2 protein chains.
Amino acid sequence: MRISQLSTESGVPIPTIKYYLREGLLPQGDQTSATRAEYDQSHLHRLRLIRALLEVGRLPVATIRKVIDAVEDERLDVHHMLGTAHHALSTPVEPHPEDEDWQEARELVDRLIADLGWGVHPLAPTRDELTQAVVTLKRLGMPTSQEDLLPYATAALDLVRDLDITKIPFDGPRDVAVETLVICEVLYGKAFDVLRRLAQESESARILGATPCPPEG
Amino acid sequence: MRISQLSTESGVPIPTIKYYLREGLLPQGDQTSATRAEYDQSHLHRLRLIRALLEVGRLPVATIRKVIDAVEDERLDVHHMLGTAHHALSTPVEPHPEDEDWQEARELVDRLIADLGWGVHPLAPTRDELTQAVVTLKRLGMPTSQEDLLPYATAALDLVRDLDITKIPFDGPRDVAVETLVICEVLYGKAFDVLRRLAQESESARILGATPCPPEG
DNA sequence: AACAATTGGATAGTAAAACTATCGAGCATC
DNA sequence: GATGCTCGATAGTTTTACTATCCAATTGTT
């Protein structure tokens with residue numbers, strides 16, 4: 001199919017598709033001549049993935065690029081490919097190792113992960129991300145202990161082990177594996193986030209003994 | 001304290017503080033003369049809250065503004081104040097009620113909430129948000145059923161009921177209640193999100209029988 | 001073969017969000 | 001009364017994600 005058809009089928013405007021091609025999010029089509037290229041279902045699929053990560057996951061284009069690069073780097077085995085994708089998904093946080101609060105929080109995070117027996121690399125950026133949340137909670141006057149975080153951690157593990165992970169075809173083609181992992185992480189992550197807010201909405205109304213609150217307007 | 005001290009204590013540059021003042025995120029200081037205003041601990045605290053929501057929660061300034069407006073609107077009782085804050089926290093999604101996939105997904109979401117017996121307003125924007133995630137999952141070839149979502153929903157409810165909600169002082173001053181709610185929703189939400197990704201990282205390494213994957217570099 | 005339409009590739013422009021910088025006049029303080 | 005901080009207003013910057021415009025090269029269409 002040509003670019004115009006790709007555009008109508010996906011709902012993404014042609015200039016935007018060209019932009020994604022430039023940015024390396026979408027692979028080039030099969031060039032049949034100097035001014036013609038042929039696209040197929042894989043491009044359509046990729047385009048849908050890009051839009052999902054952008055619109056639902058609110059991932060920056062640069063992050064999506066990193067994930068795609070990991071898939072297309074043939075030197076990586078499945079394990080390292082997934083790892084790279086994983087680390088790309090964490091929002092970069094610059095650590096403040098000299099800060100006292102930061103150090104304390106980081107120790108808490110490391111101890112938590114160690115006590116849980118989780119296999120996470122000591123330098124994984126995810127650790128910094130969690131540290132930042134813990135530091136911030138403390139600064140806001142809601143200090144967090146390991147016991148506070150533990151139930152969240154075990155709940156997270158339960159969900160991942162029983163649901164997310166079972167969906168990932170580790171033995172299938174590599175691109176399918178990463179794609180599924182990313183989708184699980186981003187879209188089910190989003191779904192859970194919304195469900196959490198729904199639950200909070202419902203519980204808070206229940207406690208206050210009131211009827212559900214309508215949106216403004 | 002003066003604006004310069006507010007700046008050094010919070011680490012936020014003066015022009016940025018002025019910007020927050022202009023945008024109504026930070027209340028004006030106590031004006032002692034035409035060119036002097038006095039700020040206090042409450043301003044410092046608010047500033048920290050703003051930065052937390054911006055940096056950790058990645059909330060847009062406009063959203064933070066909405067939450068603050070809800071707190072300061074004296075006509076609202078605690079219930080409606082929390083509700084307004086709640087709805088402000090959901091990323092706006094424009095619904096596509098004419099779309100077939102959308103309709104189907106929306107029915108699934110409504111049925112799920114009804115079956116769970118959750119008290120959520122029929123027009124709550126949160127419903128649209130979840131609908132969007134469900135539609136997107138379907139488009140990406142991972143259709144979601146009510147049974148798929150149920151375990152996420154019950155896990156979310158457990159966390160909220162046993163942890164988040166217990167932290168909110170419903171009978172205390174109104175501003176403390178919303179602030180706690182927002183902090184719980186945004187920061188513990190973030191913490192859980194990171195824990196989920198950590199669990200996924202760990203489980204995926206375990207399944208592949210590999211050692212934890214180092215970050216690039 | 002003439003010719004309008006489409007494409008690819010390049011380049012430049014735009015919109016929104018979150019700052020950041022500058023300026024001028026008014027105090028305050030030494 | 002010189003120095004320096006402050007307020008308030010206004011204008012400029014940076015980043016991100018597009019969007020628009022050109023142009024020459026086709027392609028299909030007559």
Side-chain angles (χ1 to χ4, degrees), chain A residues 1-40 43-44 46-68 88 91-94, chain B residues 1-40 43-44 46-68 88 91-94:
Chain A
M1 79 181 76
R2 298 200 237 355
I3 200 173
S4 53
Q5 199 181 346
L6 196 56
S7 168
T8 47
E9 293 218 13
S10 64
V12 179
I14 292 181
T16 306
I17 296 180
K18 287 184 173 184
Y19 166 65
Y20 294 156
L21 285 166
R22 279 200 301 281
E23 294 296 311
L25 300 191
L26 198 57
Q28 299 293 336
D30 184 28
Q31 194 102 9
T32 60
S33 88
T35 62
R36 205 125 305 196
E38 190 68 16
Y39 303 91
D40 59 23
H43 293 90
L44 193 53
R46 170 67 64 82
L47 211 38
R48 279 199 266 257
L49 179 64
I50 294 169
R51 299 304 284 199
L53 299 184
L54 277 171
E55 291 171 2
V56 182
R58 309 220 158 253
L59 293 190
V61 165
T63 301
I64 303 179
R65 177 78 206 268
K66 276 189 212 158
V67 175
I68 286 168
T91 6
V93 164
E94 84 271 36
Chain B
M1 78 182 77
R2 296 197 216 71
I3 201 173
S4 53
Q5 199 180 348
L6 196 56
S7 168
T8 47
E9 295 220 10
S10 64
V12 178
I14 293 181
T16 306
I17 296 180
K18 288 186 173 184
Y19 165 65
Y20 294 156
L21 285 165
R22 280 201 301 283
E23 293 296 310
L25 299 191
L26 199 58
Q28 299 291 337
D30 185 27
Q31 195 101 10
T32 60
S33 88
T35 63
R36 204 127 306 194
E38 191 68 15
Y39 303 91
D40 60 21
H43 294 90
L44 194 51
R46 170 66 64 83
L47 210 38
R48 280 199 265 257
L49 179 63
I50 293 169
R51 298 304 285 198
L53 298 184
L54 276 172
E55 291 170 1
V56 183
R58 311 220 157 255
L59 293 189
V61 165
T63 301
I64 302 178
R65 176 80 205 268
K66 275 189 210 159
V67 174
I68 286 168
T91 4
V93 163
E94 85 273 36

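Here the structure is a predicted model, which means the values were calculated and not measured. In what follows, chains carry the letters A, B, and so on, assigned in the order in which the sequence lines appear, proteins first and then strands, with residues in each chain numbered from 1.
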Classify the nucleic acid contact of B:Q31 as base, sugar-phosphate or nothing, counting any heavy atom under 4.0 Å across all strands shown. sugar-phosphate
What's the CG-C1' distance between A:L25 and D:dT16, to the nearest Å? 13 Å
When the distance from CD of A:E55 to P of D:dA17 is rounded to whole Å, what number comes out? 12 Å
Applying salt bridge (charged side-chain N to carboxylate O under 4.0 Å, His left out) to A:E38 and not counting sequence neighbours gives none
D:dC18 C1' sits how many Å from A:R22 CZ, rounded? 9 Å
Between C:dT20 and B:T16, is there an OP1 or OP2 to side-chain N/O distance shorter than 4.0 Å? yes
Check the phosphate of D:dC5 against B:S4, side-chain N and O only, distance under 4.0 Å to OP1 or OP2. Yes or no? no
Whole angstrom is fine here: how far is it from CD in A:Q28 over to C1' in C:dG8? 9 Å
Heavy-atom closest pair (A:H43 atom, A:G29 atom, distance to 0.1 Å) is NE2-CA, 3.9 Å
Measure CD/A:Q5 against P/C:dT6 and give the value in whole Å, please. 14 Å
Determine whether a donor-acceptor pair (one donor, one acceptor, N or O, separation below 3.5 Å) exists between the side chain of A:R65 and the base of D:dT16. no
Specify the separation, in whole Å, of atom CD1 of A:I14 and atom C1' of D:dT21. 14 Å
Most 5' of B:I3 and A:V61 on DNA chain D, judged by nearest nucleotide: B:I3
Between B:Y19 and C:dA21, does any side-chain N or O lie under 4.0 Å from OP1 or OP2? no
Comparing A:P15 with A:R36, nearest DNA chain D nucleotide closer to 5' gives the residue A:P15
For a quick check of understanding: with a heavy-atom distance under 4.0 Å over all strands, which category does A:R2 fall into, base, sugar-phosphate or nothing? sugar-phosphate
Tell me the interatomic distance from B:E23, atom CD, to C:dA18, atom P, rounded to whole angstroms. 9 Å
Side-chain touch B:Y39/B:L44, heavy atoms, less than 4.5 angstrom: no
Can you tell me if the side-chain N/O atoms of A:S33 get under 4.0 Å from OP1 or OP2 in D:dT27? yes
Side-chain donor/acceptor pairs under 3.5 Å, residues 7-26 of chain A, sequence neighbours excluded:
unit_1, atom_1, unit_2, atom_2, d
A:S7, OG, A:V12, O, 2.8
A:T8, OG1, A:S4, O, 3.3
A:T8, OG1, A:Q5, O, 3.0
A:E9, OE2, A:Q5, NE2, 3.3
A:S10, OG, A:L6, O, 2.7
A:S10, OG, A:S7, O, 3.4
A:S10, OG, A:V12, N, 3.2
A:Y20, OH, A:R51, NH1, 2.7

Could you give the CG-to-P distance, from B:L26 to D:dG8, as a whole number of Å? 13 Å
Might you point out which heavy atoms bring B:R46 and B:P27 nearest each other, and give the distance in Å? NH1-CD, 3.6 Å
Any base atoms under 4.0 Å from A:L21, or only sugar-phosphate, or nothing? Heavy atoms, all strands. nothing
Of B:A34 and B:P60, the one whose nearest nucleotide on DNA chain C sits closer to the 5' end is B:P60
